[in-house]
Asker: 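Here's a structure for you.
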There are 2 protein chains.
Amino acid sequence: METIEKLTKTLRSHGMKITPQRLMIFKVLENNTSHPSAEDVYKRVKKVYPAVSFTTIYKTLETLRTLGEVREFTIDDDRKHYDPNTNTHHHAICSTCKKILDVFEDFSPHVKLPDFFKKDYTVSGFQISFFGTCKECN
Amino acid sequence: METIEKLTKTLRSHGMKITPQRLMIFKVLENNTSHPSAEDVYKRVKKVYPAVSFTTIYKTLETLRTLGEVREFTIDDDRKHYDPNTNTHHHAICSTCKKILDVFEDFSPHVKLPDFFKKDYTVSGFQISFFGTCKECN
DNA sequence: ATAATAAATAAAAATGATTGTTAATTACGG
DNA sequence: CCGTAATTAACAATCATTTTTATTTATTAT
């Protein structure tokens with residue numbers, strides 16, 4: 001995810017409008033490492049724009065995803081999570097409180113599919129989920 | 001997941017009844033490497049027991065999960081998938097057809113969190129999702 | 001600036017997966 | 001067999017998300 005100036009240019013270059021809602025949703029996500037759900041984002045935006053609708057949150061998150069500004073993912077949960085960090089990284093999920101921590105270690109030199117897989121599958125990337133318990137829940 | 005005889009004993013030891021529906025759902029899952037959703041299981045069971053209800057499928061899958069007979073997971077999808085193989089293994093997901101392949105390589109010697117994580121998190125296991133394209137979709 | 005207009009928004013309804021409720025049915029110990 | 005508690009099927013409810021529609025707003029050209 002880039003700066004808000006960069007986002008503004010990206011939106012414009014796609015013929016999209018610069019709206020206060022979009023900017024605020026972007027700001028909520030910017031440098032956010034809490035992996036919020038759509039509802040989490042909604043609550044944060046609502047504090048500043050009480051009239052904002054859930055529809056706008058969903059639509060904007062989808063827009064940002066399409067523009068490559070956020071990554072959407074699910075981890076054994078019934079809702080989607082959004083991560084402004086679109087660089088390759090991994091997650092550690094606390095089985096108790098469901099908090100998601102970022103893991104920036106580069107495992108790519110050690111994580112490769114066996115050769116016989118090459119005829120069946122082309123790998124574009126991989127994602128590791130570490131399950132366990134966080135400090136607070138221990 | 002064990003044999004049907006083993007399941008029978010497990011159910012009995014938990015004071016649970018041996019019903020045709022439970023046995024059929026188990027059979028559908030047994031040695032099944034297609035990672036079916038609840039709906040997939042429902043369709044398969046319905047062929048033999050046309051009167052079976054979705055409720056029973058969901059309840060039974062939950063029961064089997066509680067008994068440790070199946071593993072439930074989600075991968076960037078809006079439905080849960082069920083895997084009778086509860087041993088540690090990983091998945092390769094085709095971005096096009098969403099088919100999930102099993103990856104039995106043991107990455108545990110090479111996938112460890114950095115030491116500074118030890119004070120923040122206790123790892124109980126990890127799961128790798130390989131994203132890419134399968135043979136048929138290539 | 002201002003009006004035209006295409007895009008975005010809010011509100012409301014719809015959808016799809018899953019869960020809860022209830023009354024009827026069934027497995028199984030006595 | 002019978003009684004009873006567990007399980008089932010049918011149905012309603014819920015929750016996250018998507019779609020629809022009418023209104024509002026950001027932008028572009030006047």
Side-chain angles (χ1 to χ4, degrees), chain A residues 4-5 7-26 28 35-67 69-70 72-82 98, chain B residues 4 7-26 28 35-67 69-82 98:
Chain A
I4 208 150
E5 289 78 23
L7 174 72
T8 296
K9 284 181 191 170
T10 307
L11 285 173
R12 231 189 289 276
S13 76
H14 286 260
M16 294 170 151
K17 291 181 176 173
I18 321 295
T19 66
Q21 292 93 331
R22 282 181 173 163
L23 297 182
M24 182 52 63
I25 291 167
F26 182 93
V28 166
H35 312 85
S37 64
E39 191 185 5
D40 295 332
V41 175
Y42 174 68
K43 283 178 179 164
R44 290 281 309 277
V45 173
K46 213 172 163 64
K47 284 182 182 171
V48 183
Y49 297 110
V52 77
S53 71
F54 238 121
T55 314
T56 302
I57 306 297
Y58 279 113
K59 278 251 177 73
T60 303
L61 287 171
E62 165 67 8
T63 299
L64 293 174
R65 192 188 62 75
T66 304
L67 296 175
E69 298 288 334
V70 295
E72 183 185 88
F73 67 96
T74 54
I75 300 186
D76 292 355
D77 194 324
D78 52 3
R79 58 227 293 162
K80 290 170 182 166
H81 294 264
Y82 297 87
K98 309 293 176 193
Chain B
I4 208 152
L7 174 71
T8 296
K9 285 180 189 169
T10 306
L11 285 173
R12 231 190 288 279
S13 76
H14 285 261
M16 295 170 152
K17 291 181 178 174
I18 322 295
T19 65
Q21 292 92 333
R22 280 181 174 163
L23 297 182
M24 182 53 61
I25 291 167
F26 182 93
V28 165
H35 312 86
S37 65
E39 191 185 5
D40 296 333
V41 175
Y42 173 68
K43 283 178 181 165
R44 290 281 308 279
V45 173
K46 214 173 163 60
K47 285 182 182 173
V48 182
Y49 296 111
V52 77
S53 72
F54 237 122
T55 314
T56 301
I57 306 298
Y58 277 114
K59 279 249 177 73
T60 302
L61 287 171
E62 166 65 8
T63 300
L64 293 175
R65 193 188 62 75
T66 304
L67 296 175
E69 298 287 334
V70 295
R71 179 160 298 170
E72 183 185 89
F73 67 97
T74 54
I75 300 187
D76 292 355
D77 194 325
D78 51 3
R79 58 225 296 162
K80 290 170 183 165
H81 294 264
Y82 297 87
K98 308 295 177 191

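Letters go in sequence order (proteins before strands), and every chain restarts at 1.
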Asker: Between A:His35 and A:Phe73, what is the ring plane arrangement, given parallel below 30°, perpendicular above 60°, and tilted in between?
Answerer: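 Answer is perpendicular, since the angle exceeds 60°.
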Asker: If I compare all heavy atoms of A:Arg22 with all of A:Lys17, which pair ends up nearest, and what's the gap?
Answerer: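 The pair with the smallest heavy-atom distance is NH1-O, 2.9 Å.
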Asker: Nearest-Å distance, NZ (B:Lys80) to P (D:dA16)?
Answerer: 12 Å
Asker: Quick one: label A:Thr19 by what it contacts on the DNA or RNA (base, sugar-phosphate, nothing), any heavy atom closer than 4.0 Å.
Answerer: sugar-phosphate
Asker: A:Pro20 side chain: which of D:dA9, D:dA26, C:dC28 is closest?
Answerer: D:dA26
Asker: Does D:dT17 have OP1 or OP2 under 4.0 Å away from a side-chain N or O of A:Tyr58?
Answerer: yes
Asker: Could you give the OH-to-C1' distance, from A:Tyr42 to C:dA10, as a whole number of Å?
Answerer: 10 Å
Asker: Whole angstrom is fine here: how far is it from CG in B:Leu11 over to C1' in D:dA6?
Answerer: 12 Å
Asker: Whole angstrom is fine here: how far is it from CZ in B:Phe54 over to C1' in C:dA17?
Answerer: 8 Å
Asker: Hey, does the side chain of B:Gln21 come within less than 4.0 Å of C:dT26's phosphate (OP1/OP2), counting only N and O?
Answerer: no
Asker: Please determine, for the side chain of A:Val52, which listed nucleotide (C:dT18, C:dA10, D:dC11) has the closest atom?
Answerer: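 Looking only at side-chain atoms, A:Val52 lies closest to C:dA10.
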Asker: Determine whether any donor atom in the side chain of A:Thr56 lies under 3.5 Å from an acceptor atom in the base of C:dA8, or the reverse, and answer yes or no.
Answerer: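 No such pair is found, so the answer is no.
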Asker: Contact between B:Leu67 and B:Leu11 at the side-chain level, heavy atoms closer than 4.5 Å - yes or no?
Answerer: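 Counting from C-beta outward, B:Leu67 and B:Leu11 do come under 4.5 Å.
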Asker: Any side-chain heavy atom of B:Thr60 sitting closer than 4.5 Å to one from B:Gln21?
Answerer: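 Counting from C-beta outward, B:Thr60 and B:Gln21 never come under 4.5 Å.
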Asker: If you look at every strand shown and take non-hydrogen atoms under 4.0 Å, does B:Glu62 touch a base, only sugar-phosphate, or nothing?
Answerer: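 The residue B:Glu62 makes no contact with any strand.
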Asker: Confirm from the modelled atom types if A:Thr60 and C:dA8 form a donor-acceptor pair under 3.5 Å, side chain to base only.
Answerer: no
Asker: From the set C:dA8, C:dC28, C:dT9, return the single nucleotide nearest to any side-chain atom of B:Arg12.
Answerer: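 The answer is C:dC28.
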Asker: Measure the distance from CD on B:Glu39 to C1' on C:dG16 and round it to the nearest whole Å.
Answerer: 10 Å
Asker: Is it true that B:Thr74 and B:Asp77 share a donor-acceptor pair across their side chains at a distance under 3.5 Å?
Answerer: no
Asker: Report yes if at least one side-chain N or O of B:Arg22 is closer than 4.0 Å to OP1 or OP2 of D:dT7; otherwise report no.
Answerer: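 For B:Arg22, the contact criterion (side-chain N or O under 4.0 Å from OP1 or OP2 of D:dT7) is met.
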Asker: Give the rounded distance in Å between these two atoms: CG of A:Asp78 and P of C:dT19.
Answerer: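 It works out to 8 Å between those atoms.
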Asker: Tell whether A:Lys17 reaches the base of C:dA8 with its side chain through a donor-acceptor pair below 3.5 angstrom.
Answerer: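 Such a pair does not exist between side chain and base.
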Asker: Rounded to the nearest angstrom, tell me the gap between atom NZ in B:Lys59 and atom P in D:dA10.
Answerer: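 Distance, rounded to whole Å: 14 Å.
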Asker: Taking atom P of D:dT8 as reference, at what distance in whole Å does atom CD1 of B:Ile18 sit?
Answerer: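 It is 11 Å, rounded to the nearest whole Å.
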